[in-house]
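Structure first, then comments.
The basis for the numbers below is simple: all heavy atoms, side chains too, and nothing from hydrogens, waters or symmetry mates.
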Amino acid sequence: MKAISCIGCIAVMLLSLLWSCDQKKEKVKEDRFLLHTSRVGHYKMVALLDSLDKEADPKLNYHMNKERASYYQQQAKNASEVGQHINMTFQYALQLMYAAEVDQAIQVLESLLQQYNIKKEVVPENLKPLVEYLGIAYLRKGELDNCVVNHVSTSCIVPLHSSAHHIIPTGSEKAKSIFTSLLQQYPNDAALKYWLNLAHMTLGEYPGEVPRAYHIPQDIFEKDEFPFFINRATDLHIDVDGIAGGVVMDDFNNDGRYDLMVSSYYYGDPIQLFLQTESGFKESSIEAGLTGITGGLHLMLTDYNNDGHSDVWIMRGGWLGNGGKLPNSLLQNNGDGTFSDVTLETQLLSFNPSQSSVWADFNNDGWLDVFVANESGQFVDANGQGGLRTSPVSNPSQLFLNQQDGTFTEVGEAWNADIVGFIKGVAMADYDGDGWVDLYLSRLDGPNLLLHNEEGKSFVNVAKEAGVTAPLASFPCAFWDINNDGWEDLFVGGYDVNTLHTSPAGMIAEHTGDGEVTSTPKVYLNNGNGTFNEMSKQIGLHKSLYAMGLNYGDLDNDGWLDLYVGTGTPNLNAITPNRMFLNKKGASFEEVSNAGFAHIQKGHGVSFGDLDNDGDQDIYAVMGGAYEGDYAQNILLENPGQGNHWLRLELQGTKSNRPAIGARVKVTVKSEEANNRSIWQTVSNGASFGSNSLPLEIGLGKASSIEVIQVFWPSGKVSKYAKPIDMDNTYSISEGDDTLTKVELPKIKWPIPQGHGPHQH
């Protein structure tokens with residue numbers, strides 16, 4: 001009996017030991033997930049986002065369109081006057097369109113025209129929007145029936161290939177009839193001409209069957225002589241279907257392959273993580289602990305705790321005024337494939353509408369700080385045209401300094417950084433070369449600001465003295481060295497809210513000279529003395545862009561950074577192409593949009609990066625509008641290769657911040673003419689609405705050799721590396737280390753694309 005008893009004791013002890021081991025394993029796993037934070041903060045944010053979603057007020061949130069449709073429907077029923085009834089019914093139809101209830105919107109508009117005996121053939125000017133938007137509704141119906149439901153990789157990219165022509169023609173046929181009728185009454189309406197030509201194109205009838213009187217220039221849609229970029233998002237299963245949002249491209253698990261994290265504007269839309277594996281992309285949001293982390297108009301990369309793992313900053317509430325009192329989020333990369341929301345623990349929690357931020361080391365202490373550009377104001381939709389309204393409560397911008405212990409302290413007022421305005425873009429650079437990072441703020445409601453960093457103690461606005469206050473209504477912006485002279489130049493995208501409803505007309509005016517070229521950007525070239533010259537016309541970028549998202553990169557590896565602009569307005573009638581401009585040796589830009597870039601859905605977050613590790617940069621862009629139902633599939637444009645040399649540099653700060661954000665790199669090469677040539681780049685996220693990968697991917701053109709690499713670190717240190725340095729390779733550079741370390745990246749072989757139509761071999 002004693003033996004049996006002892007055996008039982010041993011069994012109990014073994015079971016207890018095994019249970020204890022399991023518990024320890026679970027504890028280790030849990031600790032890895034939490035790292036230096038607590039799950040409490042993460043789940044508090046999840047609960048907070050859920051409650052904000054449920055409690056959102058449709059009156060304050062113009063993108064809650066189903067609820068707003070119900071409100072206007074009731075208002076129409078209660079209307080006692082004819083004018084009020086027409087207006088409320090029109091608003092009801094618009095909200096149905098915004099909610100993707102297009103068939104119902106068409107029915108409401110058709111019934112309204114019939115009720116008041118409004119003939120499409122004879123439309124008074126004050127009622128023209130009713131018929132115009134009926135045509136837009138049919139055009140959108142065609143998009144939903146074909147481009148969205150029957151989506152192919154060529155969908156919505158002009159010039160439209162036959163594979164993208166509408167299989168279900170009803171929507172475009174009806175739109176064509178309505179626009180033709182309206183043009184017979186308003187023959188000089190450029191926007192109507194554009195929509196008519198687009199309807200013909202979706203049916204495969206452009207240009208031959210477009211009436212001569214309404215035909216728009218064919219060169220708008222002609223293929224450019226530049227290697228064609230194929231949309232690979234569909235066959236790689238990363239064509240996220242959503243509305244406006246952000247994207248970051250980075251190697252989140254340090255396996256040598258870039259991954260993607262994507263957001264969407266709407267409250268309940270999930271943050272999605274796609275990890276790139278040997279066999280393609282894997283949706284890994286649940287495994288990464290991102291369930292319940294929702295919403296976000298913009299995403300940015302950072303490494304707030306200097307641990308070598310890329311963290312992500314989510315911005316929420318932009319455009320919504322008092323309806324946008326939402327928290328931003330800091331997602332900590334735990335280094336084991338999971339993320340934790342550490343907003344509460346880091347003391348970054350605030351409730352302000354924001355869309356644009358910058359992470360940089362503003363006080364040069366080796367740790368990244370964050371400037372958050374909050375918005376004071378609200379976008380309003382008036383009869384589908386749009387406008388601004390002053391918010392009764394101001395939301396000053398904020399500057400959070402990193403305390404090096406996992407927390408931040410807000411010092412906006414002390415630093416003169418508590419700017420009040422409708423700020424839509426912010427970019428960082430040491431524009432005057434004094435060793436301190438400066439800020440540019442782009443506003444929708446007045447003069448822009450250039451905040452000069454006063455040696456890590458405060459900011460002073462010097463925009464007027466520097467000559468960079470315009471345009472007075474602007475959106476995304478970016479610093480980069482356009483002409484490779486060692487000084488950071490500035491691009492500011494114009495965004496005229498007074499012409500949003502006729503945005504296609506400005507693009508047509510570029511080509512015809514008939515009408516006004518609206519919402520043009522400003523291009524400021526740095527003089528190297530604290531001032532800039534505005535050169536948009538001289539450099540070939542005086543274009544009607546209505547820029548919403550943008551970023552820059554080197555498409556052809558020639559060492560000159562190019563520009564991709566996501567275009568559009570919140571209105572459903574804004575279906576103009578996104579646009580790509582090739583930098584021609586810093587002297588001018590050449591448009592190459594029709595080489596695969598001219599997607600006609602609205603463009604937002606843009607990332608450049610070598611996703612397939614073949615030495616040239618690809619582009620991932622978020623498509624979709626601001627309204628609940630204005631969704632579209634995101635695109636990944638694969639670079640077909642340009643035959644030029646390249647160099648990839650992965651910088652690691654030691655005294656400087658770990659990801660080396662703000663570091664300037666000068667690469668001197670021997671050109672094919674046997675002369676030395678310098679190429680400059682800066683480590684950053686890129687533009688104010690996009691987030692490039694942080695490693696520098698530098699085109700070398702036809703260089704015969706790399707002569708010297710110089711790194712100007714944020715700490716003030718300068719590193720210099722002389723040849724032999726092999727071209728077409730990746731190197732790691734650590735601050736303070738005199739050697740370059742070659743990095744072997746895994747080979748990536750995506751499947752051969754099938755059925756992509758044009759230019760497919």
Could you tell me if the side chain of [Y] sits less than 4.5 Å from the side chain of [X], heavy atoms only?
X    : Y    : value
L260 : V248 : no
P471 : V492 : yes
L472 : R443 : no

Checklist entry - Checking D361 side chain against N657 main chain: does a donor-acceptor pair fall under 3.5 Å? => result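 No, because the side chain of D361 does not come within donor-acceptor range (under 3.5 Å) of the backbone of N657.
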
Checklist entry - Sub-3.5 Å donor-acceptor pair from the side chain of S656 to the main-chain atoms of S715, do we have one? => result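 Pair found, side chain donor or acceptor close to backbone of S715.
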
List the residues meeting ring pair (Phe, Tyr, Trp, His ring centres under 6.0 Å) with [X], not counting sequence neighbours, and say none if there are none.
X    : value
Y495 : F475
Y524 : none
Y265 : H63

Check [X] against [Y] and note the closest heavy-atom contact, atom names and distance.
X    : Y    : answer
N692 : V606 : OD1-O, 4.1 Å
N402 : D365 : O-OD2, 3.8 Å
Y546 : S519 : CE2-OG, 3.1 Å
V523 : E534 : N-OE2, 3.0 Å
R677 : L700 : NH1-O, 4.2 Å
Y431 : N526 : O-ND2, 2.9 Å

Checklist entry - What pairs of residues pass the salt bridge (charged side-chain N to carboxylate O under 4.0 Å, His left out) test when at least one of them lies in residues 451-466, not counting sequence neighbours? => result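 For residues 451-466, and leaving out neighbouring residues, there are no salt bridge (charged side-chain N to carboxylate O under 4.0 Å, His left out) pairs at all.
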
Checklist entry - Which pairs pass salt bridge (charged side-chain N to carboxylate O under 4.0 Å, His left out) with one or both residues in residues 466-486, sequence neighbours excluded? => result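 Sorted pair list: D481-R664.
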
Taking only residues two or more places apart in sequence or in another chain, which ones pass side-chain contact (heavy atoms from CB on, under 4.5 Å) with [X]?
X    : value
A478 : W480, L550, Y552, A687
T294 : L49
V718 : F712
T567 : V565, T576, N578, R579

Item to check | Derivation and outcome, ring-ring contact (aromatic ring centres under 6.0 Å, His included), residues F422 and W319 | outcome: CA-CA 9 Å; F422 207 133; W319 294 104; 5.8 Å; yes

Checklist entry - Can you check side chain to side chain donor-acceptor pair (under 3.5 Å) on S285 and Q272, steps first, answer last? => result CA-CA 5 Å; S285 308; Q272 292 182 266; 5.4 Å; no

Item to check | Non-neighbouring partners of N529 that pass side-chain hydrogen bond (donor to acceptor under 3.5 Å, both in side chains), sequence neighbours left out | outcome: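 Once residues adjacent in sequence are excluded, the partners of N529 under the side-chain hydrogen bond (donor to acceptor under 3.5 Å, both in side chains) criterion are T531.
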
Next on the checklist: Please enumerate all residues that pass side-chain hydrogen bond (donor to acceptor under 3.5 Å, both in side chains) together with Y620, with sequence neighbours excluded.
Outcome noted: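 side-chain hydrogen bond (donor to acceptor under 3.5 Å, both in side chains) check on Y620 returns N634.
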
Checklist entry - Would you say K44 has more than 12 foreign heavy atoms packed within less than 6.0 Å of its NZ? => result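 Open.
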
Gap between atom [atom2] of [Y] and atom [atom1] of [X] - 0.5 Å precision:
X    : Y    : atom1 : atom2 : answer
K522 : L490 : NZ    : CG    : 12.0 Å
N374 : S354 : CG    : OG    : 5.5 Å
M45  : S340 : CE    : OG    : 12.5 Å
Q398 : S357 : CD    : OG    : 9.5 Å
F362 : S458 : CZ    : OG    : 13.0 Å

Donor-acceptor list for residues 406-415 side chains, cut-off 3.5 Å, not counting sequence neighbours:
residue, atom, partner, partner atom, Å
T407, OG1, D405, OD1, 2.6
T409, OG1, Q403, NE2, 3.4
E410, OE2, L399, N, 2.9
E410, OE2, G412, N, 2.7

Using the benzene-type ring in the case of Trp, are the ring centres of [X] and [Y] under 6.0 Å apart?
X    : Y    : answer
F339 : F252 : yes
F459 : H452 : no
W560 : F589 : no

Checklist entry - Passes side chain to side chain donor-acceptor pair (under 3.5 Å), T741 versus S732? Steps please. => result CA-CA 5 Å; T741 303; S732 175; 5.4 Å; no

Checklist entry - Any side-chain donor-acceptor pair under 3.5 Å between W313 and S329? => result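 Side-chain D/A pair, W313 to S329: absent.
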
Next on the checklist: Whether K424 and E375 form a salt bridge (side-chain N of Lys/Arg under 4.0 Å from carboxylate O of Asp/Glu) is what I want to check.
Outcome noted: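 Salt bridge between E375 and K424, a charged N being under 4.0 Å from a carboxylate O: yes.
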
